[in-house]
There are 2 protein chains.
Amino acid sequence: MARRHLTPQDWSTAALRAMARGGVAAVSVNALAGELEATRGSFYWHFKDRDALLKAALEAWERDDTTALIEELGDITDPRQRLTALFTIALGQEDINGLEPAIVAHADHPAVAPVLRRVTERRIAYLTDLYTDLGLAPASARRQAVATYAAFLGWLELRRSARDIVPEVAATGAIATAALEHLITGLARPSMHQAEPEQSAPPSPMAAPAREPETGQH
Amino acid sequence: MARRHLTPQDWSTAALRAMARGGVAAVSVNALAGELEATRGSFYWHFKDRDALLKAALEAWERDDTTALIEELGDITDPRQRLTALFTIALGQEDINGLEPAIVAHADHPAVAPVLRRVTERRIAYLTDLYTDLGLAPASARRQAVATYAAFLGWLELRRSARDIVPEVAATGAIATAALEHLITGLARPSMHQAEPEQSAPPSPMAAPAREPETGQH
DNA sequence: GAACGACCATACAGTACTGTACGGACATGG
DNA sequence: CCATGTCCGTACAGTACTGTATGGTCGTTC
């Protein structure tokens, strides 16, 4: 209220929120104008058309949730700490709940496809490098990165669609990180199927949260 | 062509295909009629309205991809074999690629929510029972089930959106099962995921509102 | 062979959205 | 004071979809 002028960012984030709820089709200029308490006249001042809004919104998502995140992690030298920090941030309270599942679900949309492709490539490449830095052989690092990223995506899906059924996924920060660490440690181990020459990742525990969350009653 | 009469099933599967491509909004009677080379007159003979189609299609999905699957697995007595069979079927060639991500992405839709809730509950409960049969303690079985299901969902997401970037996810049958077995075997070892407290404080304390409901409902 | 019911095509109003045209408010600076 | 640029509201055509009404086309049945 009492907000005199809308910025393109306002429309952009509103578009992402709408997309998280109802997919690309829910990003309607009409609906967003109503939500922002403005009219379509304002929108068409800031954007050429609806496609331009979609493009801008998705590129903002790419910038905030991938590019900026990776840059932020560049300061940390220890790969182990970097991994933990990555998960802590990525599994932290989402800015917009359900956005990633919505974007993936519309992977074929012309406005989504190129951005999603860049994001997926970059994230998996980053994860692969990270596991390589942790001492895994290239093939293992790659496999590990894919599996970890799949688990992460599924985690977000459950958080979006089954928060009440699977309350575990609502956890943020260290607790959520600890939960997914299981996946990581499990996968980091060379399997019996394809034994690979590598000094197996230390079975030492991953960084644990301050309070152990679940080592209690069984 | 040369197909004289359309059945409700024809409309139903066409609806699921459309949903897999473009979400709920893509399920338009107009578009489906064009795809089936019919007119909307035919549709409104078989269905009361569009909502009835959505409901029928989603219930068919529930029946085919959850209820029937679990029944099919009932024959197998050995839990280990049952788990492998489950993954082999679930990761097999999808009938409709990208359907699950699309459904999850519209979890709030009134036609989707109840079905998705039932499916998620049932699948996780089945997985939990299965891991319990494999000898895991209740809390571990539950945690294992959630992690496995998350990895499965993410796997499907990657298969939908990143087949070219991550060709691993295109694998079906035994190969895909072997890939995900890493998750299973890694996690199934009870001795491995013992997390001892470490000094490394998490970068951001992060309010952790979610209690650990680990004791499970039994 | 006529009547009936299942199935489908066509035509119509109603709705929600997009994009554009245009005009108004409002501040700033010469 | 008014001139200009920024930002927004309103009005209008165009499009795509839904739901209904209505009539047509078959095969079946007695």
Side-chain angles (χ1 to χ4, degrees), chain A residues 1-60 102-103 105-106 108-113, chain B residues 1-60 102-103 105-106 108-113:
Chain A
M1 297 291 293
R3 163 232 63 229
R4 210 72 190 83
H5 287 328
L6 288 175
T7 66
Q9 267 197 22
D10 293 327
W11 290 98
S12 208
T13 65
L16 291 181
R17 278 201 309 269
M19 196 184 300
R21 286 200 317 268
V24 176
V27 183
S28 90
V29 181
N30 259 338
L32 298 187
E35 186 181 333
L36 294 176
E37 291 177 343
T39 60
R40 297 205 323 290
S42 168
F43 172 79
Y44 284 101
W45 172 260
H46 296 287
F47 294 91
K48 178 182 162 291
D49 55 11
R50 182 174 170 271
D51 262 15
L53 171 66
L54 284 177
K55 195 156 171 288
L58 288 166
E59 283 173 355
I103 292 175
H106 294 80
D108 292 339
H109 192 284
V112 174
Chain B
M1 53 211 76
R3 166 229 61 230
R4 212 69 191 90
H5 287 327
L6 287 176
T7 67
Q9 266 198 22
D10 293 328
W11 291 98
S12 208
T13 65
L16 291 180
R17 277 201 308 270
M19 195 182 302
R21 283 200 317 267
V24 176
V27 183
S28 91
V29 181
N30 258 338
L32 298 188
E35 187 180 332
L36 294 175
E37 292 176 342
T39 60
R40 296 203 325 289
S42 167
F43 172 80
Y44 283 101
W45 172 259
H46 296 288
F47 295 91
K48 177 183 162 290
D49 54 11
R50 182 173 171 272
D51 262 14
L53 170 66
L54 284 177
K55 194 157 171 289
L58 288 167
E59 283 172 356
I103 292 176
H106 293 80
D108 293 338
H109 192 283
V112 174

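By convention in this document, chain letters (A, B, ...) are assigned in the order of the sequence lines, proteins followed by strands, and residues within each chain are numbered from 1.
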Rounded to whole Å, the CG-P distance (A:L32 to C:dT18) equals 8 Å
Interatomic distance, OG1@A:T13 vs CG@A:L36, rounded to 0.5 Å, equals 7.5 Å
Whole-Å distance, A:F47 CZ to C:dG19 P, equals 13 Å
Checklist entry - Is a side-chain donor or acceptor of A:R50 paired with a backbone partner of A:V27 at a separation under 3.5 angstrom? => result yes
Separation of C:dC17 atom P from A:L53 atom CG, nearest Å, is 15 Å
Taken to the nearest whole Å, CZ/B:R40 to P/D:dA16 is 13 Å
Checking all strands, does B:D49 fall into the base, sugar-phosphate, or nothing category for heavy-atom contacts under 4.0 angstrom? sugar-phosphate
- prompt: More than 12 non-hydrogen atoms from neighbouring residues, nucleotides or ligands closer than 6.0 Å to CD on A:Q9, yes or no?
  reply: no
* Answer yes or no: does a side-chain N or O of A:W45 lie under 4.0 Å from OP1 or OP2 of D:dC7? => yes
From OH of A:Y44 across to P of C:dG19 the rounded distance in Å is 4 Å
Q.
When you measure from the side-chain N and O atoms of A:H5 to the phosphate of D:dC8, is any distance below 4.0 Å, counting only OP1 and OP2?
A. yes
When rounded to whole Å, the CG to P distance for the pair A:N30 and D:dA16 reads 17 Å
Rounded to whole Å, CZ of B:R50 lies from P of C:dA16 at a distance of 14 Å
Between the CG atom in A:L53 and the CH2 atom in A:W11, the distance rounded to the nearest 0.5 Å is 8.5 Å
Note, A:E35 side chain near A:R17 side chain (heavy atom, < 4.5 Å): yes
Here the distance between atom C1' of D:dT18 and atom NZ of B:K48, to the nearest Å, is 12 Å
Nearest-nucleotide check on DNA chain C, A:A31 vs B:T39; residue mapping nearer the 5' end is B:T39
Task: side-chain N/O A:H46 vs D:dC8 OP1/OP2, d < 4.0 Å - done: yes
- Assign B:S28 to base, sugar-phosphate, or nothing according to its heavy-atom contacts below 4.0 angstrom with the strands shown. sugar-phosphate
By nearest-nucleotide position on DNA chain C, the 5'-leaning member of B:W11 and A:F43 is B:W11
